[in-house]
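Everything below concerns the one structure shown next.
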Amino acid sequence: REGLAARGVSKRRHARSRPSNQDLLARSRPVVTNGPRHFVILTPEFPPGSGGVGDYVRSVASTLVRAGDHVAVWTRPGSEPPQADGSFELNLLPDDFGPQSMRALGQALRAMPEEGVLFAQYVPQGFGWKGTNVPFAAWLGSRAERVWLMVHEPLYPFLRGQPLRHDALAVATRLMLRLVTRRCEHV
């Protein structure tokens, strides 16, 4: 910290910029529980019309069901209808992570038991608006439910000489990541 002071960076400002590991651990609840859990899994991709993220979600959902948990997956409509194996609930969002989706997800989350978990596959490019869906990120980050995030390619880079719109995307992805992680239990 002496190095920060020597460069004119306030210790107070630096200390507030990121929570410490102890702070994160203190607000974290145990992952292991004794009974079945309820999960609402939110993902921008689900098979057959997807890649690795969708395949991963299907694997996680099936594994949770085999462990005795209740799982409801929510995904965007795609060019091909999503296919589930029937062991978990599969729901299509009414729009591309916009206001109607936030309302539908809000209703599903209110119906979830108190110990339930919103497990979001966070992929900014997958949530519409060409990777800049700040309203959805703010909604996700404001949820009172237990929220777990699996993060995939969260930031667009700042590169020297890139177009201004790419710099704007880099700023937006950083803002969105800050918004979605502010109340997460596990990242």
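Source: prediction; values computed, not measured.
Once rounded to the nearest 0.5 Å, the distance linking SG of C184 with CG of L140 reads 6.5 Å. Atom CD in Q121 sits 9.5 Å away from atom CD in E45 (nearest 0.5 Å). The distance from the CZ atom of R143 to the CZ atom of R182 is 12.0 Å, given to the nearest 0.5 Å. In this structure, T43 OG1 and F127 CZ are separated by 7.0 Å, a value rounded to the nearest 0.5 Å. Rounded to the nearest 0.5 angstrom, R146 CZ and E185 CD are separated by 4.0 Å. With rounding to the nearest 0.5 Å, the separation of CG in L105 from CZ in F136 is 6.0 Å.
Note on L93: it clusters hydrophobically with V40, by side-chain heavy-atom contacts below 4.5 Å among ILVMFWY residues. A chain of hydrophobic side-chain contacts below 4.5 Å, direct or via other Ile, Leu, Val, Met, Phe, Trp or Tyr residues, connects W148 to Y56. Note on W74: it does not cluster hydrophobically with F46, by side-chain heavy-atom contacts below 4.5 Å among ILVMFWY residues. Residues L175 and L155 are members of one and the same hydrophobic cluster, defined by side-chain heavy-atom contacts under 4.5 angstrom among Ile, Leu, Val, Met, Phe, Trp and Tyr. Follow the hydrophobic side-chain contacts under 4.5 Å out from Y122 and you never reach V60; the two are in separate clusters.
Here the shortest heavy-atom pairing between P48 and P82 reads CD-CA, 3.9 Å. Here the closest non-hydrogen pair linking D96 and G128 is OD2-CA, 3.7 Å. Residues R58 and Q83 share a closest heavy-atom pair of NH1-O, 4.4 Å. Nearest heavy atom pair, residue G131 against residue T173, reads O-CG2, 3.9 Å. Residues P124 and E153 share a closest heavy-atom pair of CD-O, 3.7 Å. Closest approach of M112 and H38 over heavy atoms only: SD-O, 4.0 Å.
Side-chain atoms of R174 come within 3.5 Å of backbone N or O of A170 as a donor-acceptor pair. Formation of a donor-acceptor pair under 3.5 Å by the D95 side chain with backbone atoms of Q100 is found in this model. A donor-acceptor contact shorter than 3.5 Å links the side chain of T63 to the backbone of S59. The closest donor-acceptor contact from the side chain of D69 to the backbone of R37 lies under 3.5 Å.
In this structure the side chain of T75 reaches within 4.5 angstrom of the side chain of L92, judged on heavy atoms. By the 4.5 Å heavy-atom criterion applied to side chains, R76 and P44 are counted as neighbours. Put simply, the side chain of L42 reaches to within 4.5 Å of the side chain of F97, judged on heavy atoms. Counting only heavy atoms from C-beta outward, the side chains of W139 and L179 never approach each other to under 4.5 Å. Counting only heavy atoms from C-beta outward, the side chains of V71 and F119 never approach each other to under 4.5 Å.
For Q162, the CD atom counts as densely surrounded, since its 6.0 Å shell holds more than 12 non-hydrogen atoms of other residues, nucleotides or ligands.
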TODO: Walk me through it: do V171 and F158 pass the test side-chain contact (heavy atoms from CB on, under 4.5 Å)?
DONE: CA-CA 8 Å; V171 168; F158 282 108; 3.6 Å; yes
